[in-house]
Structures are given as C-alpha cells and as structure tokens.
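For reference, the structure is listed below as structure tokens.
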Amino acid sequence: MPLQAAIPHTFSSPTTVKMSDDAFRQVRDFIYTDTGIYFQDTKKYLLEGRLGKRLQVLALDNYDKYIQMLKFGTRRSDEMRFFNETFFFRNEPQFEALENTLLPEIAKLKRAQGKTKVRIWSSASSSGEEAHTLAMLFLEKIKPKYPWMELEVVGTDISNGVLETARQGIYREYSVRNTPKPYLDKYFRKEDQRFCLVDEVRKLVRFENLNLYDRARMRMMSSFDIIFCCNVLIYFDQQSKIQVISNLYDSLTPGGFLFIGYAESLHGISTAFKLISFPKTVVYKKE
Ligand SMILES: C[S@@+](CC[C@H](N)C(=O)[O-])C[C@H]1O[C@@H](n2cnc3c(N)ncnc32)[C@H](O)[C@@H]1O
C-alpha cells in the first residue's frame, strides 16, 4: 500500500493528534499482518486512543512518523506487543472465582458423573500466559484437594507468531510481573533474563491456531468446562461478537463457564447465559 505523503498535523497535546483515514489503514495493515488483530473501520477510535498514548511515550508528534518507524525502524515487534498484550495472573478476581467456587463445583459435578477430566479453553491465548496460569493454578490449588482430577488446557490464537512463544514457554520479565513469588519460584526456571516454564506446567497445555470467526473449526471445539475469551471481543463488531459468543456457548458443556475480559460485556450479545457475580468479576454460566 503506497505511503501517504506526509500531512502536517497540528500538535497540541500528543493524545489529541488526529489520525487520518489513510494513516489508520496503514497502521491497521501492519497490526493485522503481525498480530491477526483487525481493526474494522468502526474501531478507528480505539486505535486512535491507544496510539495517542504511544505517540506521547515515543515523543512523536504525528502518525506519519509512527508509520515510518514501523516501516523502517527496529521497534516494530515491540510496538505490536501492545496489541496482543497479556501477562500471567492478569485478572486475579477471575482466578479467585475459579479456585474458590467454580472448580470445586465442577469437581462435584465430575464426581457425580464418574468423570475425571476438566477441559479448559483459552480462546485468544496470545503467547500462552493465560493458559499457563490456569495450569499452575490447577497444580497449586486444585490438584492437592482433588487428586483424582485431570486437566487439559487448550490455547488457541489466530497468530502463529504468539503461538510459537506459547509453545516454547519462555517469557520475559514483563510477562511474569504479576506472578506471585511462590509460583515464580516453583514453576519457572530462570535462565539469563528469561523465565522458562517447567515441564510439569507445559505438559498440561497444548496450543493450536484457530480463528474465532472460523465457524467450521469452532464447531470442532466441544465439551469444554471452562472457556476464557478475554480481551479480544473488544476488537470485533457487534455481529461478529454475536457469532463468536454463540459458537463458544455451543463449545461449553452444560454447567460450564465463560470468562470474558474485564472491560468487555455480553450486553446485547447473548441472553443464553446465566450471569454470576463474584467480587470484582462476573462469570457466564451455561445451564
Ligand atoms: C490482547 S490479546 C489477549 C490475550 C489473553 N486472552 C489475555 O486476556 O491476556 C488478544 C489476542 O487475540 C488474538 N486474536 C485476534 N483476533 C482473533 C481471532 N479472530 N481469532 C483468534 N484470536 C484472535 C490476537 O492474536 C491476540 O493474541
């Protein structure tokens, strides 16, 4: 796509720099190519809001300079990380609800059904921090109470780049910044400046490429007790959200639970779930 001739921007406050439609399309293409996240035309405000802050941090006074940096600079992969951002123990209230209420409820149900395996799907897993957090939580808090229980975690994402990191299980300090020390000490090996997950955690999780829009593939994802679909719906338009959430509903087993991101909601998207409130989080149950 040809680069637009530099258009002078008025530089009042960096967060208010206007993004031209052409600049929007160029940045969107970079992001889509590198991360799989597609900002539809109606989501320009979202990108403008995020990048306004980046311009400020990078001390750039217009988007053309930002685009030049993405095109010719060395920071492109660092910049892209802001769009598939994730970290271990990202939304603690969700993990507390799981540990204290939902997994014990699922354990009771499994016992009554004579089953042992719990299946969890991290459906926009990025580089695997969410999926691996679930595996650690299981090993640390659930397995000691329910030794008969087995866990299978599936992490999926549209981007092969992030899945490669997820499969390696090697992370930078940034990813583990919210990880409680006992977990860091027990489940990671520190090598140079990297944090390497131990095999005990990695073997509970597998990663696959999957586009949440791909109805055929989505239909093959079934019988999950818990699904995480966090911090990805925000990029989708209303119709896509309805389709994706309806498919996720079908992928859950009756009595299963869906988690979405802190800033996301199913209001106007689905009435199929029962909403359950926990301190500082909500969970959607398929009854
Ligand atoms: C911000 S990250 C969220 C990671 C993690 N769920 C969390 O909350 O920490 C969003 C992820 O969604 C993925 N993604 C975007 N569009 C997708 C799609 N249509 N299907 C599957 N994954 C998608 C991106 O590649 C990115 O890794």
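Both counts, for ligands and for their atoms, begin at 1 and track the order of listing. Everything numeric in this text was worked out from a predicted model, so none of it was measured.
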Tell me the protein heavy atom at minimum distance from atom 10 (C) of ligand 1, and give that distance in Å. Asn231 O, 3.5 Å

For Ser240 and Phe236, indicate whether the former's side chain and the latter's backbone hold a donor-acceptor pair under 3.5 Å. no

Which atoms from ligand 1 have a heavy atom of Ile37 less than 4.0 Å away? 15 (C), 24 (C)

Tell me if the centroids of the rings in Phe188 and Phe88 come within less than 6.0 Å of each other. yes

Nearest-contact summary for atom 19 (N) of ligand 1 - protein heavy atom, Å: Asn211 OD1, 2.9 Å

Residue-level breakdown please: for Glu85 versus ligand 1, do any non-hydrogen atoms fall below 4.0 Å on the side chain, on the backbone, on both, or on neither? backbone

Nearest protein heavy-atom contact for atom 3 (C) of ligand 1: which residue, which atom, what distance? Cys230 O, 3.5 Å

Would Lys44 count as a cation-pi partner of Phe39, with NZ or CZ less than 6.0 Å from the six-membered ring centre and within 45° of the ring normal? no

Distance, nearest 0.5 Å, that separates OG of Ser223 from NZ of Lys117: 11.5 Å

What's the separation between atom CG in Leu258 and atom OG in Ser251, rounded to the nearest 0.5 Å? 10.0 Å

State whether the shortest distance between N or O atoms of Leu212 and N or O atoms of ligand 1 falls below 3.5 angstrom. yes

Roughly how far, to the nearest 0.5 Å, is the CH2 atom of Trp148 from the CZ atom of Arg111? 5.5 Å

Could you check, using the six-membered ring where one of them is a Trp, whether Phe89 and His132 have ring centers closer than 6.0 angstrom? no

Of all the non-hydrogen atoms in the protein, which one sits nearest to atom 13 (C) of ligand 1, and at what distance? Asp157 OD2, 3.3 Å

Return the residue, atom name and 0.1 Å-rounded distance of the protein heavy atom closest to atom 5 (C) of ligand 1. Ala124 O, 3.4 Å

Quick one: nearest non-hydrogen protein atom to atom 17 (C) of ligand 1, plus distance? Ile158 CG2, 3.7 Å

At the 4.0 Å heavy-atom cut-off, does Tyr38 count as touching ligand 1? no

Considering the options Ile158, Asp157, Thr156, Leu163, which one meets the side chain to side chain contact (heavy atoms under 4.5 Å, CB included) requirement together with Leu210? Thr156

How far is atom 9 (O) of ligand 1 from the closest protein heavy atom, and which atom is that? Thr86 OG1, 2.6 Å

Residue-ligand contact Phe236/ligand 1, heavy atom below 4.0 Å: yes

Can you pull out the closest protein heavy atom to atom 7 (C) of ligand 1? Residue, atom name and distance to 0.1 Å, please. Arg90 NH1, 3.2 Å

Without hydrogens or angle criteria, can the side chains of Glu130 and Ser125 be said to hold a donor-acceptor pair below 3.5 Å? no

